[in-house]
Number of protein chains: 2
Amino acid sequence: MKTEQETEQTAGRPSGLCGGLRERKKRRTRDALVRAALELFVAKGYERTTVDEIADAVDVSQRTFFRYFSNKEEVAFALQELIETRFLTEVRARPAGEPPMPALRRAVTKAWLTIDEEMKAVAPPQLHMRMYQIIESTPALLAVHLRRQQETEERIAQEIARREGLDIDADPRPRVLVAAFAGAMRVAGKVWGEGDDWTSDAMRKLSDRYLAALEPALAQNWRTPSGN
Amino acid sequence: MKTEQETEQTAGRPSGLCGGLRERKKRRTRDALVRAALELFVAKGYERTTVDEIADAVDVSQRTFFRYFSNKEEVAFALQELIETRFLTEVRARPAGEPPMPALRRAVTKAWLTIDEEMKAVAPPQLHMRMYQIIESTPALLAVHLRRQQETEERIAQEIARREGLDIDADPRPRVLVAAFAGAMRVAGKVWGEGDDWTSDAMRKLSDRYLAALEPALAQNWRTPSGN
DNA sequence: GGAGATTATGGCAGTGGCTGACAATTGACA
DNA sequence: TGTCAATTGTCAGCCACTGCCATAATCTCC
């Protein structure tokens, strides 16, 4: 028999309060693995860190590591997982009458209001931020990152189609809107990671700026200066 | 034992004709490796095909395979490489005065006019198409595919910025436009791969449709039916 | 056409990611 | 306390990938 291990994503609750000893222990090992991995990745780089080193740092076997994470990449995406989940939740919470684009923009703004707090549960924010830079600069991780984002895109597009009562395969607008939106967000995220202000407030401002640039960018005439 | 396919690709290729024996031989092994890899991937799936099998099929050592391709993934992207190069060339060839979005749209249309011919040089179109489906459905390949696309995006954005005389780091529009454009194209490509009409003509029509949906998708009001 | 410099290739040993199988251990619960 | 199920460690093994060195093929120049 299999125990479901997706149960513990209850946000905002400190680890170790719920469930029996067995589950608490599992959560602790998992968090410890993430933390050790992030520290090692930041210290030595992703490729120069071996799974054995991560496992040794937490004093478990390599085999156990692979029981918690299906591969070495996955352990690097703790923060991303959080962001994606949070954003999706906020989109689902938008009022039904709201048009698609404003709904997405407000969802992203609201999501970033709470992400700060949540990520502290596993590792210090500084660590997450450095990890984000490593993801952007390590080809293998960047590739996985983009794939994960695309999976989120699809879920969001489905939610938008549902809200608007559209057949997602017949009307191109849900997927195209979300693709454009995600593209602008990706550019914003990249600039954020390369800059020096790693507050969530800075991220919100960048999102706004790049999303606002979407319509002017599609316009024919670029002669009017804008954007900065 | 030895697979000899020296005859076909020397016909219409500038690259197959020039150079000494050494270079021609190198090109032949490379093409043979691509072809053998595609056939094996299509027949058995990407993950169930080992590099040893590909090398054996062409009668070279595994070590030689890795001298031609830096990893197993790379050999799967022959067609994509072609498309990206072609598209980039067409963008660079657009007249200077043309606004960014029309330039991109016309570049993609022109690119697909010649891709058919070019890809036949290495393997039959059918094989490339099946490979494309495998890329879209194999997580490891999809991830690499998206990263490659993003690299192309960056190059195109730089070209757009250059054309418009803008500083790409100061004005968000070049990257945002290209991100939105690429997003719509990606959705179109996915639909193309899932459909049954694999002509480049079909791809051009899908591109048109999804790019046309970009502006309506960003608009506030979706109540007016459109797109299909 | 042959000597010598270049370059492609093969073989081999070794590392690291990842998996299946099985046995030992630990927590849950009657 | 004893039984049952979940968790873990150990071990053997596959596969992607790399460095190293010897060999064989091509190229260059006389």
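Small disclaimer: the values here were computed from a predicted structure and weren't measured.
The heavy-atom pair separating B/Val75 from B/Leu38 by the smallest distance is O-CD2, 4.3 Å. Listed here is the closest heavy atom pair of A/Thr49 and A/Leu40: OG1-O, 3.4 Å.
Distance NZ (A/Lys72) to P (C/dT15): 16 Å, rounded to an integer number of Å. The separation between B/Glu74 atom CD and D/dC17 atom P is 10 Å, rounded to whole Å. Note: CG (A/Asp59) to P (D/dT10) measures 10 Å, nearest angstrom. Between the CZ atom of B/Arg28 and the P atom of C/dA8 there is a distance of 15 Å, given to the nearest Å. Protein atom CG of A/Leu40 is 14 Å distant from nucleotide atom P of C/dG16, rounded to whole Å. For A/Glu47 and C/dG17, the CD to C1' distance is 13 Å, given to the nearest whole Å. Counting to the nearest Å, the C1' atom of D/dT18 and the CG atom of B/Asp52 are 14 Å from each other. Atoms CG (A/Asp56) and C1' (C/dG16) sit 14 Å apart, rounded to a whole Å.
Both A/Thr29 and B/Phe66 lie close to DNA chain D; mapped to their nearest nucleotides by heavy-atom distance, the more 5′-ward contact belongs to A/Thr29.
Within 6.0 Å of CG on A/Asp59 lie no more than 12 heavy atoms contributed by other residues, nucleotides or ligands.
Close to C/dG10, at under 4.0 Å from its OP1 or OP2, lies a side-chain N or O of B/Thr64. Residue A/Tyr68 has no polar side-chain atom (N or O) positioned under 4.0 Å from OP1 or OP2 of D/dT7.
Between B/Tyr132 and B/His145, the ring-plane angle classifies as perpendicular under the 30° and 60° cut-offs. A/Phe181 and A/Phe87 have parallel rings, their planes meeting at less than 30° on a 0 to 90° scale where 60° marks the start of perpendicular.
A side-chain donor from one of B/Glu154 and B/Gln158 sits under 3.5 Å from a side-chain acceptor of the other.
With sequence neighbours excluded, no residue satisfies salt bridge (Lys or Arg N to Asp or Glu O under 4.0 Å) with A/Glu47.
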| field | nucleotides 20-30 of chain C: protein proximity per nucleotide (B base, S sugar-phosphate only, - neither; heavy atom, under 4.0 Å) | value | BB----BBS--
